[in-house]
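The next block holds one structure in the form of structure tokens; read it before the comments.
In each ligand, atom 1 is the first atom listed, and ligand 1 is the first ligand listed.
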Amino acid sequence: MAEKQRLLSGMRPTGRLHLGHYNVIKEWVRLCDLYDSYWFTADWHAITTQFDNTDSIRANRREIVIDWLSAGLDPEKCHIFHQSDIKEHAELHLLFSMITPLSWLERVPTYKGQLEAFKEKGKDIATYGFLGYPLLMAADILMYRPSGVPVGEDQAPHVEFCRELLRRFHHLYNCQVFPEPQPVFNHIEILPGTDNRKMSKSYGNFILLSEKPEDVKTKVWSMVTDATRIRKTDPGHPDVCAVYAYQGFFNKAEQPQICADCKAGAIGCGQCKKRLTECINDFLEPMRERRAKYEAQPALLDEIIDAGNTAARKTARETMGMVREAMKI
Ligand code: TRP
Ligand code: SF4
């Protein structure tokens with residue numbers, strides 16, 4: 001049988017995952033059956049924007065792996081590792097830096113946008129490392145010679161940058177080391193935040209995958225509903241209500257009935273939220289159980305990451321052999 005094609009993706013360990021991330025991990029779980037899959041925590045990338053506050057990175061990269069496992073990622077079916085454990089990423093990044101025109105990096109659309117966004121918050125991230133963000137990402141990707149990179153649409157310019165860079169590498173050294181990786185976009189339904197805006201860490205409008213039952217209750221209770229509804233008998237407008245959107249994700253079977261009852265003024269928002277709280281807690285319960293297992297046995301997590309690192313390092317060493325050979329160094 002032909003060998004499976006390879007996939008690779010990473011996440012910066014900047015905090016625990018929330019419900020909005022769940023569908024991404026669900027997609028990763030599905031892809032593990034089809035591809036030889038590598039998933040990693042991009043801990044060096046996290047430093048680009050928080051070089052002045054690195055205290056949480058180590059803890060976060062473990063937390064994020066626990067979140068992946070809790071959400072159903074099966075370590076038997078993929079390789080899970082930390083970027084900074086595979087030093088070859090740094091070597092490839094350095095070698096690539098020798099052939100990357102500065103102008104390519106300066107014109108990556110996320111570069112100026114992010115600089116500005118941070119400047120508004122009073123922080124200057126115009127470092128050498130931050131400029132090189134897409135280059136380090138290109139090294140992460142090409143190291144594993146994957147055929148695809150599952151990412152959100154926001155990362156498309158980075159994958160395109162990576163493809164341009166590999167063409168330049170092949171041209172300069174007259175070789176064919178890397179297959180051209182395709183972005184694999186996650187076509188997932190987007191869950192809004194509890195305030196009906198985009199679910200985001202900076203808005204504080206999320207529910208964590210590791211949220212405690214009573215905190216789920218508090219957060220659902222604070223959710224934005226149809227503001228024109230004062231009394232239970234007032235006819236509601238479910239389409240403007242975040243609780244209703246969530247019912248579609250976590251309580252699909254009852255959603256049509258809730259819609260009808262809301263419009264008819266036959267259900268109160270309190271009752272509706274109570275039901276949603278139960279449904280979200282039912283959904284999170286198996287994840288809490290898996291999380292508890294990994295929290296109780298840190299060695300189990302170490303073993304998973306050691307195994308992932310070993311597999312990643314093997315591929316990385318093969319690639320670096322090919323790269324050094326091509327560059328004659
Ligand atoms: N830049 C990605 C993000 O912020 C994280 C990342 C780093 C990544 N290296 C990668 C994703 C390589 C895919 C492949 O989401
Ligand atoms: Fe929203 Fe439910 Fe209240 Fe209708 S009853 S406005 S769907 S919370």
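Under the rule for a side-chain hydrogen bond (donor to acceptor under 3.5 Å, both in side chains), the partners of Gln247 that lie at least two apart in sequence or sit in another chain are Asn251.
Distances shorter than 2.8 Å separate atom 4 (Fe) of ligand 2 from the protein N/O/S atoms Cys262 SG.
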Pair Leu209-His18, side-chain contact (heavy atoms from CB on, under 4.5 Å): steps then yes or no: CA-CA 5 Å; Leu209 296 183; His18 53 59; 5.8 Å; no
Derivation of the side-chain contact (heavy atoms from CB on, under 4.5 Å) call for Ile305 and Phe40: CA-CA 10 Å; Ile305 292 168; Phe40 72 101; over 6 Å; no
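Remark: Arg168 is positioned above the aromatic ring of Trp104, its terminal NZ or CZ atom under 6.0 angstrom from the ring centre and at most 45 degrees off the axis.
Side-chain rings of Tyr133 and His158 approach one another, their centers coming within less than 6.0 Å. Within the 6.0 Å centre-distance limit, the rings of Trp68 and Trp28 are counted as a close aromatic pair. Close placement of the His89 and Tyr144 rings is indicated, their centers lying within 6.0 Å of each other.
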Once you restrict both partners to nitrogen or oxygen, which atoms of ligand 1 have a protein partner under 3.5 Å, and how far apart are they?
{"from": "ligand 1", "atom 1": "1 (N)", "to": "Tyr133", "atom 2": "OH", "distance (Å)": "2.7"}
{"from": "ligand 1", "atom 1": "1 (N)", "to": "Gln155", "atom 2": "OE1", "distance (Å)": "2.9"}
{"from": "ligand 1", "atom 1": "4 (O)", "to": "Arg12", "atom 2": "NE", "distance (Å)": "3.2"}
{"from": "ligand 1", "atom 1": "4 (O)", "to": "Tyr133", "atom 2": "OH", "distance (Å)": "3.1"}
{"from": "ligand 1", "atom 1": "9 (N)", "to": "Asp140", "atom 2": "OD2", "distance (Å)": "2.7"}

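Judged as a side chain to side chain donor-acceptor pair (under 3.5 Å), the pairs with a partner in residues 111-127 (not counting sequence neighbours) are, in order, Asp52-Lys123.
Ion pairing between Glu318 and Arg313 fails under the 4.0 Å rule for side-chain N and carboxylate O.
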